[in-house]
Amino acid sequence: MATQGERVDPRTVRPIEPRDAERVRDFIARRWSSSIIITRARRHDAATLPGFLLEEHGVVVGVITLNDERKDCEIVTIDAEGWGRGIGSALLERAEEWARDRGCER
């Protein structure tokens, strides 16, 4: 877990679990006004998608949600509290690993 002001370690980013659903929904809705997101003419409830999160002191400070269909992987949302600490970069690094593991081509 990173403390305030430190760069985050991508290894502290963890998969979103079912127990995180409400906190993820709240985090996304604060930034997007809703957890319902439209991408490429598709409707997603971002809070129900696979993804990764970063917590500090029990508080969610970063979330990335993902969608995969066949060989296409897509970032649906990515959000972080603050900037300059590498939260977004750490989330993206984990998403790239996730996409590679699934054999995504795009």
Side-chain angles (χ1 to χ4, degrees):
M1 175 185 319
T3 59
Q4 204 62 348
E6 290 180 12
R7 300 240 356 130
V8 295
D9 181 342
R11 294 173 297 187
T12 63
V13 175
R14 68 170 177 79
I16 295 171
E17 299 173 359
R19 65 184 169 94
D20 301 315
E22 185 175 329
R23 293 185 317 140
V24 168
R25 184 179 312 283
D26 291 345
F27 187 83
I28 292 169
R30 282 197 315 270
R31 282 148 185 78
W32 296 80
S33 300
S34 171
S35 65
I36 304 301
I37 307 294
I38 308 297
T39 65
R40 296 189 285 170
R42 305 232 20 224
R43 182 182 186 272
H44 307 278
D45 181 349
T48 65
L49 294 173
F52 297 91
L53 65 78
L54 177 69
E55 292 177 281
E56 292 179 338
H57 309 290
V59 176
V60 176
V61 296
V63 170
I64 189 167
T65 59
L66 308 159
N67 184 43
D68 68 329
E69 286 187 13
R70 302 178 195 104
K71 297 290 183 181
D72 286 347
C73 292
E74 172 185 29
I75 295 171
V76 177
T77 66
I78 181 170
D79 293 287
E81 290 283 337
W83 56 276
R85 296 182 42 229
I87 295 171
S89 296
L91 293 167
L92 284 170
E93 185 174 314
R94 290 299 304 271
E96 288 174 357
E97 292 170 10
W98 178 86
R100 274 193 303 274
D101 289 348
R102 278 160 186 68
C104 291
E105 296 174 355
R106 191 174 86 112

Quick check: closest heavy atoms across [X] and [Y], and the distance to 0.1 Å?
X	Y	result
Ala46	Val76	CB-CG1, 4.4 Å
Asp20	Pro15	OD2-O, 4.1 Å
Cys73	Asp68	SG-CB, 3.8 Å
Ala90	Val8	CB-CG2, 3.8 Å
Ile16	Ile64	CD1-O, 4.0 Å
Pro50	Trp98	CG-CZ2, 3.9 Å

The criterion is salt bridge (charged side-chain N to carboxylate O under 4.0 Å, His left out); which residues satisfy it with Glu97, sequence neighbours excluded?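 Salt bridge (charged side-chain N to carboxylate O under 4.0 Å, His left out) check on Glu97 returns Arg94.
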Contacts of type salt bridge (charged side-chain N to carboxylate O under 4.0 Å, His left out), residue Arg100, not counting sequence neighbours: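 Expected list: none.
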Please determine whether a side-chain nitrogen of the Lys or Arg among Arg23 and Asp26 lies less than 4.0 Å from a carboxylate oxygen of the Asp or Glu.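 Salt bridge absent between Arg23 and Asp26.
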To the nearest 0.5 Å, what is the distance between [atom1] on [X] and [atom2] on [Y]?
X	Y	atom1	atom2	result
Leu49	His44	CG	NE2	6.5 Å
Ile28	Ile78	CD1	CD1	11.5 Å
Asp79	Trp32	CG	CH2	6.0 Å

Does the Arg7 side chain pair with the main chain of Gly84, one donor and one acceptor, at a distance under 3.5 Å? yes
For the pair Thr65 (side chain) and Thr77 (backbone), establish whether a donor and an acceptor sit closer than 3.5 Å, ignoring hydrogens and angles.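 Here the side-chain-to-backbone pair exists.
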Does atom CD of Glu17 have more than 12 heavy-atom neighbours, drawn from other residues, nucleotides or ligands, at distances under 6.0 Å? yes
Is the count of non-hydrogen atoms from other residues, nucleotides or ligands lying under 6.0 Å from Arg11 atom CZ greater than 12?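 Result for CZ/Arg11: open.
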Side-chain heavy atoms of Leu53 within contact of Arg14, under 4.5 Å: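 The answer is yes; the side chains approach within 4.5 Å.
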Go through the steps for Leu66 and Ile75 under the test side-chain contact (heavy atoms from CB on, under 4.5 Å), then give the verdict. CA-CA 5 Å; Leu66 308 159; Ile75 295 171; 3.9 Å; yes
I would like to know whether Val24 and Val60 meet side-chain contact (heavy atoms from CB on, under 4.5 Å); could you show each step before the answer? CA-CA 8 Å; Val24 168; Val60 176; 5.5 Å; no
